[in-house]
There are 2 protein chains.
Amino acid sequence: MSASKRDELVQKALKVFYQEGFHATGMDKLVAETKISKTSMYKHFRTKEDLILATLRLRDEQFRNFMIRRAQELSSTPEEEILAVFDALSEWFKEDKFKSCMFIKASSEYQNPEHPIHAVSAEHKRLIKVYFKELADKAGLKNTEELSRKILLLKEGAIVIAHLHRDIDPSIDAKEAVKALIDTHRA
Amino acid sequence: MSASKRDELVQKALKVFYQEGFHATGMDKLVAETKISKTSMYKHFRTKEDLILATLRLRDEQFRNFMIRRAQELSSTPEEEILAVFDALSEWFKEDKFKSCMFIKASSEYQNPEHPIHAVSAEHKRLIKVYFKELADKAGLKNTEELSRKILLLKEGAIVIAHLHRDIDPSIDAKEAVKALIDTHRA
DNA sequence: GACAAGGTGTACCGATCAGTACATATCTTG
DNA sequence: CAAGATATGTACTGATCGGTACACCTTGTC
């Protein structure tokens, strides 16, 4: 049972689930897409839900890595980095394969707060808020708890609108709004 | 073919789709829930998709009616009304049956921008943005186009976070953020 | 090369999916 | 009350769902 086969499955399943949705993607489609047999899949993951959870954990890591790394590349101070996050988002929105946030979609299909998929999605958002808070602290701003929550709202709103109104780039508005908010949180 | 039966079907289907999701709700479940036979359903709607579209159109009307009416009740000037929207949202978030925004979820399950369900969801958000713009105009603010888009971002972000972090009420943060934004858009 | 162990593919399971055929019931109009 | 039309319930269709039984095939070890 090669671990690489498992990784390959998770990576390809991640792409299909992200593009097509969770309920809309059957295990048979994954077999066709990955050329991995169903038996092997169920050797690695007891249920479809377990596979989904694995893809979400990979996505969490990949997405936060991308966002943070790109924001750091585009900035030179913590305060700039907060704003640069929205430039990174803008790049993401422009990708052809952009189809909203995987965790918003996951929590849309698995709505029960007790559901593990919902819980993993909530944790992802919490980690992003923590990232904003740490940046705001480094930038020497005040009320960073509140500020980071507000920035998170603008980020999530931008993703939702980018998905629904593909002709608009909401990251520009979001970035400007964040600028104004930061000014109200200076020490 | 009574029109009231049709309305009854749409109303009950709306509740079930909202609570359980679209792909997760089979027509047989709707039969069990509404006590309306499948034959009758398919007399009123050619496909499940048509029924979903009908529920979304009803939801659009119901939700905007609620939001606007409640915001007006809680305010006495256009500027106050903008802020009062977030008090109305707060009330909505606190309802037990609150399960995020039906249109965010619809566009999560029907991601193709060309899909009618996606289009109806996009239009719903556009109408809400127009409402914010009209309020901002009445309030005598400047750059109301940009401002209304920013307010929309905060509203959508608040909905997403209210759904994922049920122990938090993001409408408070959103409202404060809107206050700060309005100040930057004064004539 | 014999043999066990474990990964793989096929072909299948009952359940459920969206949608329909058809027979029965109910209502409208003479 | 009779006849035609419309609404309804049951019982079904082929397709697909998540998941599994089982035969096959590769691999390491002796």
Side-chain angles (χ1 to χ4, degrees), chain A residues 1-57 105-106 108-112 114-118 120, chain B residues 1-57 105-106 108-112 114-118 120:
Chain A
M1 180 168 346
S2 65
S4 64
K5 258 273 161 69
R6 193 193 129 107
D7 292 350
E8 187 191 332
L9 169 58
V10 174
Q11 280 174 26
K12 293 197 175 174
L14 166 52
K15 279 186 192 166
V16 180
F17 282 137
Y18 179 66
Q19 290 297 318
E20 315 279 342
F22 299 98
H23 283 107
T25 302
M27 296 303 278
D28 290 314
K29 183 178 265 177
L30 289 182
V31 170
E33 205 79 22
T34 64
K35 314 288 184 192
I36 297 171
S37 79
K38 224 191 264 198
T39 309
S40 301
M41 290 182 182
Y42 278 93
K43 273 276 181 338
H44 290 293
F45 300 99
R46 262 183 51 261
T47 62
K48 180 187 182 181
E49 185 182 312
D50 282 354
L51 174 56
I52 292 176
L53 285 169
T55 67
L56 289 179
R57 282 188 267 267
K105 296 192 293 183
S108 293
E109 294 203 45
Y110 301 88
Q111 308 190 56
N112 187 333
E114 273 78 45
H115 197 294
I117 291 178
H118 194 102
V120 167
Chain B
M1 181 171 343
S2 66
S4 64
K5 259 274 160 66
R6 194 194 128 108
D7 292 351
E8 188 191 331
L9 170 57
V10 175
Q11 280 174 27
K12 294 197 175 173
L14 166 53
K15 280 186 192 165
V16 180
F17 282 137
Y18 180 66
Q19 290 297 319
E20 315 280 341
F22 299 98
H23 283 108
T25 301
M27 297 303 278
D28 290 315
K29 183 179 265 176
L30 289 181
V31 170
E33 205 79 22
T34 65
K35 313 289 184 192
I36 296 171
S37 77
K38 222 190 265 199
T39 312
S40 303
M41 291 183 181
Y42 278 93
K43 274 276 184 331
H44 290 294
F45 300 99
R46 262 183 50 261
T47 62
K48 180 186 183 182
E49 185 181 311
D50 283 353
L51 174 57
I52 292 176
L53 285 169
T55 66
L56 289 179
R57 281 187 269 266
K105 295 192 293 183
S108 293
E109 295 203 45
Y110 301 88
Q111 310 190 57
N112 187 333
E114 274 78 44
H115 197 295
I117 292 178
H118 194 102
V120 166

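The figures here come from the full heavy-atom set of this structure, side chains too, leaving out hydrogens, waters and symmetry mates. Every chain is numbered from 1, with letters handed out A, B, ... down the list of sequences.
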Nearest-Å distance, [atom1] ([X]) to [atom2] ([N])?
X     : N      : atom1 : atom2 : answer
B/H44 : D/dT8  : NE2   : C1'   : 10 Å
B/I52 : C/dA18 : CD1   : C1'   : 11 Å
B/M41 : C/dC17 : CE    : P     : 12 Å
B/L51 : C/dA18 : CG    : C1'   : 12 Å
B/K29 : D/dC17 : NZ    : P     : 18 Å
B/D50 : C/dG19 : CG    : C1'   : 13 Å
A/H23 : D/dG18 : NE2   : P     : 9 Å
B/I36 : D/dT10 : CD1   : P     : 14 Å

> Does B/K15 NZ have over 12 foreign heavy atoms under 6.0 Å away?
Replying inline: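 Open.
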
> For the residue pair B/I36 and B/M41, what are the closest heavy atoms and their distance?
Replying inline: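 Scanning both residues, the minimum pair turns out to be O-CE, 3.6 Å.
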
> Where do A/E109 and B/E109 come nearest, in terms of heavy atoms and distance?
Replying inline: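 A/E109 and B/E109 have their closest heavy atoms at CG-CG, 4.0 Å.
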
> Looking only at atom types and distance, does a side-chain atom of B/K105 sit under 3.5 Å from a main-chain N or O of B/Y18, one as donor and one as acceptor?
Replying inline: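 Yes.
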
> Does a nitrogen or oxygen in the side chain of B/S37 sit under 4.0 Å from OP1 or OP2 of D/dT8?
Replying inline: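 So the side chain of B/S37 is outside the cut-off, no N or O lying under 4.0 Å from OP1 or OP2 of D/dT8.
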
>> Rounded to the nearest 0.5 Å, what separates atom CG in A/D50 from atom OG1 in A/T47?
In response: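 Nearest 0.5 Å value for the CG-OG1 distance: 3.5 Å.
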
> What nucleic acid atoms does A/S40 come within less than 4.0 Å of, heavy atoms only: base, sugar-phosphate, or nothing?
Replying inline: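 Sugar-phosphate contact only - A/S40 comes under 4.0 Å of backbone atoms but never of a base.
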
> Do the side chains of B/E49 and B/Y110 get nearer than 4.5 Å, heavy atoms only?
Replying inline: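 No, their side chains stay 4.5 Å or more apart.
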
> Along nucleotides 19-24 of chain D, 5' to 3', which nucleotides get a B, which get an S, and which get a -, given that the test is a protein heavy-atom distance under 4.0 Å?
Replying inline: BBB---

